[in-house]
Novice: 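The structure that follows is given in the form of structure tokens.
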Amino acid sequence: SDVGAQKDRVVTEEEWLQKWEMGNIGFHKEQGHPLLQKYLDLLLNGRSGLRIFFPLCGKAVEMKWLADMGHSVVGVEVSEQALKEFFSEHNLPYCEEPVPEIPGGALFQSTSGNISLYCCSIYDLSSSIVGKFDGVWDRGALVAVNPCDRQRYVSLMINLMEKNSSYLLVTVLYDPNKHKGPPFYVPESEVKSLFG
């Protein structure tokens, strides 16, 4: 696949934190993502009370939306600011506690218990820490991870999925030679080879 100049591009954790600090978060959708509403039935597949994972969740409004429908939402985000903004913008009380298995990691959990957001690198998570999921809403994670880390990312996602899990993935199509990313260009052929 032609990923142009992006193949070796690396965005550091510090750069992501800086984006949040500077308010440079054009990737955040205030109204939620229209594709989740459009394809929600595919994610839920007639099931209720699901555990749904939001990789690199930011302060996605869809987390509250799905929790209000009775689902249990778990997210991971490197920016503590993003997680605190999520709870304050939705007026949701929460508690914060350390995660013993993740040095420096923290868990922000709504007092209702149905939204659990981990503040750490996604690669610090495992199914022994967060369990497995019935659904994944990958709106901007695969396209945000560094191209060199895609295989590692997808292996983790597959490890976190239950057998009958649904995975909703949003990618973007453009000429990778004209934009350095993120979001990175992930052609359909690569999605197929990564996820099998």
Side-chain angles (χ1 to χ4, degrees), residues 10-14 16-17 20 36 42-45 47-60 62-87 92-170 186 190-196:
V10 171
V11 182
T12 65
E13 228 169 71
E14 287 68 33
W16 284 112
L17 292 172
W20 280 100
L36 180 59
L42 284 175
L43 184 66
L44 303 181
N45 197 12
R47 303 169 297 168
S48 57
L50 300 186
R51 292 191 82 232
I52 300 174
F53 186 52
F54 279 67
L56 313 188
C57 62
K59 56 178 183 173
E62 300 93 332
M63 295 189 290
K64 180 170 188 313
W65 187 57
L66 285 165
D68 287 347
M69 284 182 209
H71 302 291
S72 176
V73 170
V74 176
V76 62
E77 169 60 49
V78 74
S79 168
E80 183 176 313
Q81 177 184 338
L83 300 180
K84 288 182 172 175
E85 285 178 13
F86 169 79
F87 286 108
L92 287 173
Y94 69 94
C95 55
E96 177 186 348
E97 55 189 60
V99 182
E101 305 92 331
I102 304 172
L107 171 61
F108 294 79
Q109 191 166 38
S110 61
T111 49
S112 58
N114 59 350
I115 302 175
S116 304
L117 307 180
Y118 288 82
C119 185
C120 61
S121 162
I122 190 163
Y123 304 113
D124 288 334
L125 293 185
S126 66
S127 57
S128 65
I129 298 172
V130 294
K132 295 211 177 220
F133 299 96
D134 306 301
V136 177
W137 170 234
D138 186 335
R139 196 287 282 187
L142 181 63
V143 296
V145 299
N146 294 318
C148 60
D149 291 329
R150 277 184 197 150
Q151 189 61 63
R152 180 183 182 198
Y153 170 81
V154 169
S155 296
L156 173 65
M157 290 299 103
I158 290 169
N159 182 265
L160 294 179
M161 293 167 67
E162 290 285 8
K163 292 224 183 318
N164 301 327
S165 193
S166 304
Y167 196 105
L168 228 48
L169 171 67
V170 178
V186 186
E190 188 169 355
V191 171
K192 285 179 173 158
S193 69
L194 284 165
F195 285 95

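Predicted, not measured: the structure shown is a model, and the values here were computed from it.
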Novice: In the structure I gave you, are the side-chain heavy atoms of His71 and Asn114 within less than 4.5 Å of one another anywhere?
Specialist: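 Not touching, per the 4.5 Å side-chain cut-off.
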
Novice: If we only count heavy atoms from C-beta on, is the Lys64 to Phe86 side-chain gap below 4.5 Å?
Specialist: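 Touching, per the 4.5 Å side-chain cut-off.
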
Novice: Applying side-chain contact (heavy atoms from CB on, under 4.5 Å), can you list everything that pairs with Leu156, at least two apart in sequence or on another chain?
Specialist: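 Leu156 satisfies side-chain contact (heavy atoms from CB on, under 4.5 Å) with Ile122, Leu160 once adjacent residues are dropped.
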
Novice: Taking side chain as C-beta onward, heavy atoms only, is Asp124 less than 4.5 Å from Tyr118?
Specialist: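 They are not in side-chain contact.
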
Novice: May I ask you to decide if Ala141's main-chain N or O and Asp138's side chain share a donor-acceptor pair within less than 3.5 Å?
Specialist: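 Side chain of Asp138 to backbone of Ala141: a pair is present.
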
Novice: Within the distance-only criterion (no hydrogens, no angle test), does the side chain of Arg47 pair as donor or acceptor with the backbone N or O of Asp134 below 3.5 angstrom?
Specialist: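 Yes; at least one donor-acceptor contact below 3.5 Å.
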
Novice: Are the side chains of Arg150 and Glu190 in touch, meaning some heavy atoms are under 4.5 Å apart?
Specialist: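 Of all side-chain heavy-atom pairs linking Glu190 with Arg150, at least one is under 4.5 Å.
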
Novice: Test of understanding: with side-chain contact (heavy atoms from CB on, under 4.5 Å), list the residues that count as partners of Glu101, not counting sequence neighbours.
Specialist: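 Glu101 satisfies side-chain contact (heavy atoms from CB on, under 4.5 Å) with Val99, Ile129 once adjacent residues are dropped.
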
Novice: Taking the side chain as every heavy atom from C-beta outward, state whether Leu117 and Ser110 have any atom pair closer than 4.5 Å.
Specialist: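 No, every pair of side-chain atoms sits at 4.5 Å or beyond.
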
Novice: Does some side-chain heavy atom of Val170 sit less than 4.5 Å from a side-chain heavy atom of Trp137?
Specialist: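 The answer is yes; the side chains approach within 4.5 Å.
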
Novice: Side chains of Tyr167 and Ile158: does their closest heavy-atom pair fall under 4.5 Å?
Specialist: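 A side-chain contact under 4.5 Å is absent here.
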
Novice: Does a side-chain heavy-atom distance below 4.5 Å link Val145 with Leu56?
Specialist: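 Side-chain contact under 4.5 Å: yes.
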
Novice: Using modelled atom types only, decide if a donor and an acceptor are shared between the side chain of Ser166 and the backbone of Gly135 within a distance under 3.5 Å.
Specialist: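 No; zero donor-acceptor contacts below 3.5 Å.
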
Novice: Hey, what's the ring geometry for Tyr94 with Phe108, parallel, tilted or perpendicular (30° and 60° as the breaks)?
Specialist: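 Judged by the thresholds at 30° and 60°, the geometry between Tyr94 and Phe108 is tilted.
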
